[in-house]
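The structure presented is a predicted model; accordingly, all values stated were derived computationally and were not measured. Proteins come first, then strands; the chains are lettered A, B, ... in the order of their sequence lines, and each starts at number 1.
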Number of protein chains: 2
Amino acid sequence: MAKIKPGKNASKRDVITQKAAALFKTKGFSSASMRELAEAVGVEAPSLYNHIGSKSELLQGICFKVANAFTSYLDSAENTPANHATRLEQIIRFHISMMLDHFDEVYVANHEWKHLKEPYLSNFLIQRRGYEKRLISLLENGIAAKEFKQTNPYVAVLTILSAVRGLEFWQQHKKNISSQVLEDDMVNHLLKGITK
Amino acid sequence: MAKIKPGKNASKRDVITQKAAALFKTKGFSSASMRELAEAVGVEAPSLYNHIGSKSELLQGICFKVANAFTSYLDSAENTPANHATRLEQIIRFHISMMLDHFDEVYVANHEWKHLKEPYLSNFLIQRRGYEKRLISLLENGIAAKEFKQTNPYVAVLTILSAVRGLEFWQQHKKNISSQVLEDDMVNHLLKGITK
DNA sequence: TACAAAAACTAATAAGCATTAGTTTTGTAA
DNA sequence: TTACAAAACTAATGCTTATTAGTTTTTGTA
């Protein structure tokens, strides 16, 4: 049987993880079997265990890679000299680009995290909650600085994060809209609304 | 063992379906077992089959009940005399109230539809796609009538539907925000933006 | 060319799954 | 009280699952 082909900068473990993300996305974590994953990789199921520890471990890897990417960007955005509105726009654009460039993994992190085992499940939720709180602070500060309207910052963050997440539908439909139009229209909508 | 207690206007089948929605929401359709459902209902697993046909049938019932509720409302909204912006606002408010009042079922319809079997899966997707197209038409007409800004109507619909879906996070956190503030702030955000 | 490590294979294990069959209990109405 | 139907129960079936054990093949290096 053909061996697992690692790319230039990707270990065999990375190849398996990427295939797993695609599979978990389409079938869901629980419905996806290691046999299916093995077939996608081009190998028998038990051979996977030469490279990974368990099915759960694959999910953990995917979820935390995504979570850490968002956290890291927020770290840097908070240290950027810019007003709050500009910073918020940059963050929204980063979310959109993550959705477009790492769709499978972001989708899995968004949808399948609940199948993480403890203590990973708790850690993931704590990290996500911390991220949300920092965004809420950004909104609060922007409101205090009169850059944003008087609105509930929690609701605003919820609205923005959810809207951006919705790009998963666009990805699935593969509409013929340039990703630049998509990004700009969505940013404008979320910042300035649609009514005249 | 205790028998299944139907409420006043609910058949035993309805009771099981409601419990199933709650279970499918927390564990996911594939991970939820009929044993667990039976335990939630207060009965042994095989007894469920006196009232339902299969696990799949439960998911079908939930998904199409939700889909039909949205379709019906849109039917009526399209025949209401009002301008496009008002109609859009009503539809957004209906989505929000569905999320708040029928959370379990809407959540399951949004997250677990992919486990529907054919031909239900195809039918569900067709119905959802039709719904989206009608909303896009509403946006297009509103833009033509100069009630909405010049923007890509597909992106706008995507943004709105996704934002409203995000209420599932609010439900989980059970934040101390009145649902009226939530609804009004979100509607304002989606229609008028947040920057001053 | 030979050796050692990595990674593939086959076979097996043990657990969990939805569902069916057959039987007993329960509730209702004559 | 009796009879019938509805709905519960126990036991069993057959299938799928992730994972382990043990063995063979492949690969890279001296």
Show me, pair by pair, the donor-acceptor contacts under 3.5 angstrom made by side chains of residues 81-89 of chain A, not counting sequence neighbours?
{"residue": "A:Asn83", "atom": "OD1", "partner": "A:Thr86", "partner atom": "N", "Å": "2.9"}
{"residue": "A:Asn83", "atom": "OD1", "partner": "A:Thr86", "partner atom": "OG1", "Å": "2.5"}
{"residue": "A:His84", "atom": "ND1", "partner": "A:Glu147", "partner atom": "OE2", "Å": "3.1"}
{"residue": "A:Arg87", "atom": "NH2", "partner": "A:Ala82", "partner atom": "O", "Å": "3.0"}
{"residue": "A:Glu89", "atom": "OE2", "partner": "A:Arg93", "partner atom": "NE", "Å": "3.1"}
{"residue": "A:Glu89", "atom": "OE2", "partner": "A:Arg93", "partner atom": "NH2", "Å": "3.2"}

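- A salt bridge links B:Asp75 with B:Arg134: the closest approach of a Lys/Arg side-chain nitrogen to an acidic carboxylate oxygen falls below 4.0 angstrom.
- For the pair A:Lys114 and A:Phe124, the cation does not sit on the ring face, since its NZ or CZ is not both under 6.0 Å from the ring centre and inside 45° of the axis.
- In this structure, A:Ser47 reaches the C:dC9 phosphate: one of its side-chain N or O atoms is under 4.0 Å from OP1 or OP2.
- Base pairing annotation: D:dA30 forms a Watson-Crick or G-U wobble pair with C:dT1, both donor-acceptor distances under 3.5 Å.
- Taking atom NZ of residue A:Lys55 and atom P of nucleotide D:dT17, one finds them 9 Å apart after rounding to whole Å.
- For B:Tyr49 and C:dC17, the OH to P distance is 12 Å, given to the nearest whole Å.
- Sorted by first and then second residue, the ring pair (Phe, Tyr, Trp, His ring centres under 6.0 Å) pairs involving residues 125-147 of chain A (not counting sequence neighbours) are A:His95-A:Tyr131.
- In this structure, B:Tyr107 and B:His111 have parallel ring planes: the angle between them is below the 30° cut-off, well short of the 60° mark.
- The separation between A:Leu59 atom CG and D:dA18 atom C1' is 15 Å, rounded to whole Å.
- Toward the 5' end of DNA chain D, the nearer of the two residues A:Ser54 and B:Pro46, judged by each one's closest nucleotide, is B:Pro46.
- A donor-acceptor pair is defined here as one N or O able to donate and one able to accept, closer than 3.5 Å; such a pair exists between the side chain of A:Asp14 and the backbone of A:Ser11.
- For the segment residues 29-38 of chain A, residues with any heavy atom less than 4.0 angstrom from an atom of DNA chain D are, sorted by number, A:Ala32, A:Ser33, A:Met34, A:Arg35.
- In this structure, the NE2 atom of A:His51 is 12 Å from the C1' atom of D:dT26, given to the nearest Å.
- The distance from atom CD of A:Glu39 to atom C1' of C:dC9 is 16 Å, rounded to the nearest whole Å.
- Computed from coordinates, the B:Glu44 CD to D:dA7 C1' distance equals 13 Å when rounded to whole Å.
- If you measure from atom CG of B:Asn50 to atom C1' of C:dT25, you get 12 Å, rounded to the nearest angstrom.
- A salt bridge does not link B:Glu168 with B:Lys25: every distance from a Lys NZ or Arg NE/NH1/NH2 to an Asp or Glu carboxylate oxygen is 4.0 Å or more.
- When rounded to the nearest whole Å, the span between NE2 of A:His115 and P of D:dA18 equals 13 Å.
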